[in-house]
Amino acid sequence: MAVTKIRKISSWTLLICTLISIVILGMFYAGGIVDPSAEMKEPIYTGLLIDWIYVIFIITAISTVIFALWQFISLLKASPKSAIASLIVLVFFAALFFITYSIGDPTPLKGLNADSQDYNIPFWLKVTDMWIYSTITLVVLIILSVVAGSVKRILNK
């Protein structure tokens, strides 16, 4: 059975992202602490970990939009009804991000070091909450889809 090009690309992408994540997590946990005598311990590579998480989320969001638009354009030629369905999914993603950004908490965090204060503003706090809430929502939807698919398969037997 031949492996398609997109499957090869996605497998390599997953492997590379996983390896980078493992290296960054290893650096974060084994890299030491900035000031061991401080009341709140701060790992040295906290910024690197946060930056990597943002990179992964941004790449995910951008690729989702690109592939959704690509699917929409491809389906528009073959099946306009299916194209509208894929457009609705894209609208739901935009609504999810808007809603989760709107319910994000803009209250500045206390006890952060001076370097972190650049990001302790309402915009970044709400963006962080948006990603967390969106991730939780999508994980719950994935679990519900898997359960619903399993139940449907069992009932059809």
Side-chain angles (χ1 to χ4, degrees), residues 1-74 86-150 153:
M1 180 177 198
V3 177
T4 61
K5 185 176 180 181
I6 190 71
R7 182 165 174 166
K8 284 182 186 178
I9 291 171
S10 64
S11 296
W12 278 104
T13 303
L14 177 64
L15 180 65
I16 291 168
C17 288
T18 302
L19 289 175
I20 292 171
S21 296
I22 290 170
V23 168
I24 290 176
L25 283 172
M27 291 171 63
F28 177 77
Y29 286 113
I33 297 172
V34 173
D35 183 9
S37 64
E39 182 179 333
M40 293 182 70
K41 307 288 190 243
E42 177 193 352
I44 293 174
Y45 295 106
T46 301
L48 177 64
L49 179 65
I50 291 171
D51 290 342
W52 177 243
I53 291 169
Y54 276 128
V55 166
I56 292 294
F57 276 128
I58 289 169
I59 289 172
T60 302
I62 290 171
S63 62
T64 300
V65 170
I66 289 172
F67 287 121
L69 289 174
W70 183 11
Q71 179 184 12
F72 175 73
I73 291 169
S74 300
S86 70
L87 185 62
I88 290 171
V89 171
L90 186 60
V91 169
F92 280 138
F93 267 109
L96 174 69
F97 290 142
F98 176 76
I99 291 167
T100 54
Y101 178 84
S102 298
I103 63 175
D105 185 11
T107 307
L109 302 171
K110 295 179 184 187
L112 297 177
N113 64 16
D115 294 333
S116 300
Q117 292 303 322
D118 293 342
Y119 302 103
N120 198 18
I121 59 174
F123 172 77
W124 286 114
L125 294 168
K126 288 177 74 94
V127 165
T128 302
D129 284 349
M130 176 188 73
W131 287 120
I132 292 169
Y133 296 152
S134 297
T135 301
I136 292 168
T137 303
L138 292 174
V139 167
V140 168
L141 289 174
I142 289 168
I143 291 170
L144 290 174
S145 297
V146 169
V147 170
S150 298
R153 191 173 327 128

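Residues: numbered from 1 along the sequence shown. The shown structure was predicted, so the numbers you read here are calculated from the model rather than taken from an experiment.
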Is there side-chain contact between T137 and I99, with heavy atoms separated by less than 4.5 Å?
-> no
Check the surroundings of atom CZ in F97: do more than 12 heavy atoms from other residues, nucleotides or ligands lie under 6.0 Å from it?
-> yes
Scanning both residues in full, the closest heavy-atom pair of K41 with P43 reads O-CD, 3.8 Å
Side chain proximity check, D129 to T100, heavy atoms < 4.5 angstrom = no
Scanning both residues in full, the closest heavy-atom pair of S134 with L96 reads OG-CG, 4.0 Å
Shortest non-hydrogen contact from D105 toward L125 | O-CB, 3.6 Å
Note: C17 and I56 closest approach over all heavy atoms is SG-CD1, 4.0 Å
Find the distance between CG (L49) and CD1 (I24) and round it off to the nearest 0.5 Å.
-> 7.0 Å
Is any side-chain heavy atom of F93 less than 4.5 Å from a side-chain heavy atom of V65?
-> no
Could you state the interatomic distance from OG1 (T64) to CG (L69), rounded to the nearest 0.5 Å?
-> 11.0 Å
If you round to the nearest 0.5 Å, how far is OG1 of T128 from CZ of F123?
-> 9.5 Å
Minimum-distance pair of heavy atoms, taken over all atoms of A61 and W131 = CB-CH2, 3.6 Å
With distance as the sole test, does Q117 use its side chain to make a donor-acceptor pair with the main-chain N or O of L112 at under 3.5 Å?
-> yes
Between atom OH of Y54 and atom OH of Y119, what is the distance when rounded to the nearest 0.5 Å?
-> 9.0 Å
In Å and rounded to the nearest 0.5 Å, what is the CD1 to OG distance from I58 to S63?
-> 11.5 Å
With rounding to the nearest 0.5 Å, note down the distance linking OG1 in T46 to CG in N113.
-> 8.0 Å
Indicate yes or no for a side-chain donor-acceptor contact from N120 to the backbone of P108 under 3.5 Å, with no hydrogens or angles considered.
-> no
